[in-house]
Amino acid sequence: MHGLSADIAAIEDIAAASREFPQVDVALCVPAILIERASRAVPGFPIGGQDVHHAEKGAHTGCISAQMLVDAGAVLTIVGHSERRDAQREMNGEVREKATAALACGLNVILCVGESLEARQRGQALSTVLAQLDGSVPEHPPANSELSIAYEPVWAIGTGKVPSTDEIAEMHAAIRKRVVEHLGAEGRDVRLLYGGSVKASNAAEIFAVPNVDGALVGGASLKVEDFIPIVAAAATAAAPSAASNTNRPAS
């Protein structure tokens, strides 16, 4: 929940700077009120939403459908972010419905999963995330839209804490295996993003981890001077994707 009209200039700066790294897919997922203005301000640069409702229309006051996002200029959306799973009590089935609706409407989807600190301390990090995948991944994503998975350990979001590279590697390997089980050979091409206190100082190390294809960036995406170094690290790592949940991904 960051961004007002005055922040369109920051979006323009990020879009302009990211063009220096054409090998990296960069997108900004902005608050709903800014989608239309942002997409007009930076034509050709991918703008996305931070959430979507599964219904096409109806009595869902305050919600936004996939068609509405497309109409406003969005080309992707985040679903299942940990803050919504927690604060809005979103369950796996609802996240799957949202992802299915968005993909069917032609939107690319970043589907988020991640464990709490308590789950990790109990040794249940893998089982928690795999259960989220089992309940949230759409069964048959259409070929005209792209599904990505973002692993965000809840305890690392905005805290400055980051799992070790071994922990990230273990989780991303498990996610890759489970996604392939769900989607078959197509699962090998699903981009796996890491999110959780990604910043310029640790991006290169994270991008060097096997099965890390990009990043979902939060606080560090609010300023061009913080975000673009992450994009540059992705370019150096030849990781074709970063995405921001305030802001397509320096993967």
Side-chain angles (χ1 to χ4, degrees), residues 1-5 7-15 17-18 24-54 63-85 87-88 90 95 98-99 101-103 105-114 136 145-152 157-158 190-199 213-224 226-228 230-231 234 240-251:
M1 199 163 65
H2 293 276
L4 299 171
S5 296
D7 297 300
I8 292 294
I11 293 173
E12 292 172 329
D13 289 343
I14 288 173
S18 69
V24 181
D25 291 337
V26 183
L28 298 177
C29 294
V30 302
I33 62 161
L34 291 181
I35 293 173
E36 192 273 337
R37 278 175 283 180
S39 62
R40 280 195 291 111
V42 289
F45 180 84
I47 296 294
Q50 298 179 359
D51 186 49
V52 67
H53 195 274
H54 64 83
C63 298
I64 300 172
S65 73
Q67 285 187 332
M68 290 175 178
L69 287 179
V70 172
D71 188 60
V75 298
L76 76 156
T77 187
I78 297 168
V79 300
H81 193 281
S82 63
E83 291 159 7
R84 296 198 58 84
R85 288 180 183 265
Q88 276 70 43
E90 289 187 3
V95 174
K98 290 182 174 190
L103 290 165
C105 208
L107 290 167
N108 295 330
V109 167
I110 299 174
L111 192 159
C112 300
V113 295
S136 303
S145 300
E146 181 179 349
L147 172 68
S148 299
I149 306 294
Y151 166 58
E152 292 192 300
I157 298 173
V190 170
R191 282 192 270 198
L192 306 186
L193 315 181
Y194 171 79
S197 295
V198 179
K199 48 194 174 184
D213 305 311
L216 182 62
V217 184
S221 69
L222 296 174
K223 297 179 179 179
V224 64
D226 295 330
F227 188 51
I228 293 304
I230 299 174
V231 178
S241 163
S244 152
N245 61 352
T246 54
N247 301 282
R248 186 161 129 47
S251 206

Problem set entry | Test side chain to side chain donor-acceptor pair (under 3.5 Å) applied to T77 - qualifying residues, sequence neighbours left out | none
Seminar exercise, completed: Residue set satisfying side chain to side chain donor-acceptor pair (under 3.5 Å) with D51, at least two apart, ordered chain then number -> R84, K98
Decide yes or no for [X] and [Y]: does some side-chain heavy atom of the first lie under 4.5 Å from some side-chain heavy atom of the second?
X	Y	answer
L216	I78	yes
P31	Q50	yes
V79	V52	yes
N108	R191	no

Exercise. Of all residues at least two apart in sequence or in a different chain, which pass the side chain to side chain contact (heavy atoms under 4.5 Å, CB included) check with D226?
Worked result: A220, K223
For this session: Mind checking side chain to side chain contact (heavy atoms under 4.5 Å, CB included) for A41 and listing every partner two or more places apart, or none if nothing turns up?
Result: I8, E12
Nearest heavy atoms of [X] and [Y], plus distance in Å:
X	Y	value
R85	G80	NE-O, 2.9 Å
A99	L111	CB-CD1, 4.1 Å
I14	S221	CD1-O, 3.4 Å
G195	V198	CA-CG2, 4.2 Å
V190	S148	CG1-CA, 4.1 Å
L34	G3	CD1-C, 3.6 Å

Exercise. Does the side-chain contact (heavy atoms from CB on, under 4.5 Å) test come out yes or no for D7 and V30, once each step is laid out?
Worked result: CA-CA 10 Å; D7 297 300; V30 302; over 6 Å; no
Seminar exercise, completed: Rounding to 0.5 Å, atoms CG (L193) and SG (C112) come to a distance of 8.5 Å
Seminar exercise, completed: Output for pair (L107 CG, L147 CG), nearest 0.5 Å, gives 12.5 Å
Seminar exercise, completed: Quick note, salt bridge (charged side-chain N to carboxylate O under 4.0 Å, His left out) partners involving residues 37-48, not counting sequence neighbours, are E36-R40
Output a table of donor-acceptor pairs, distance under 3.5 Å, between side-chain atoms of residues 66-73 and any protein atom two or more places apart or on a different chain; print 'none' if there are none.
none

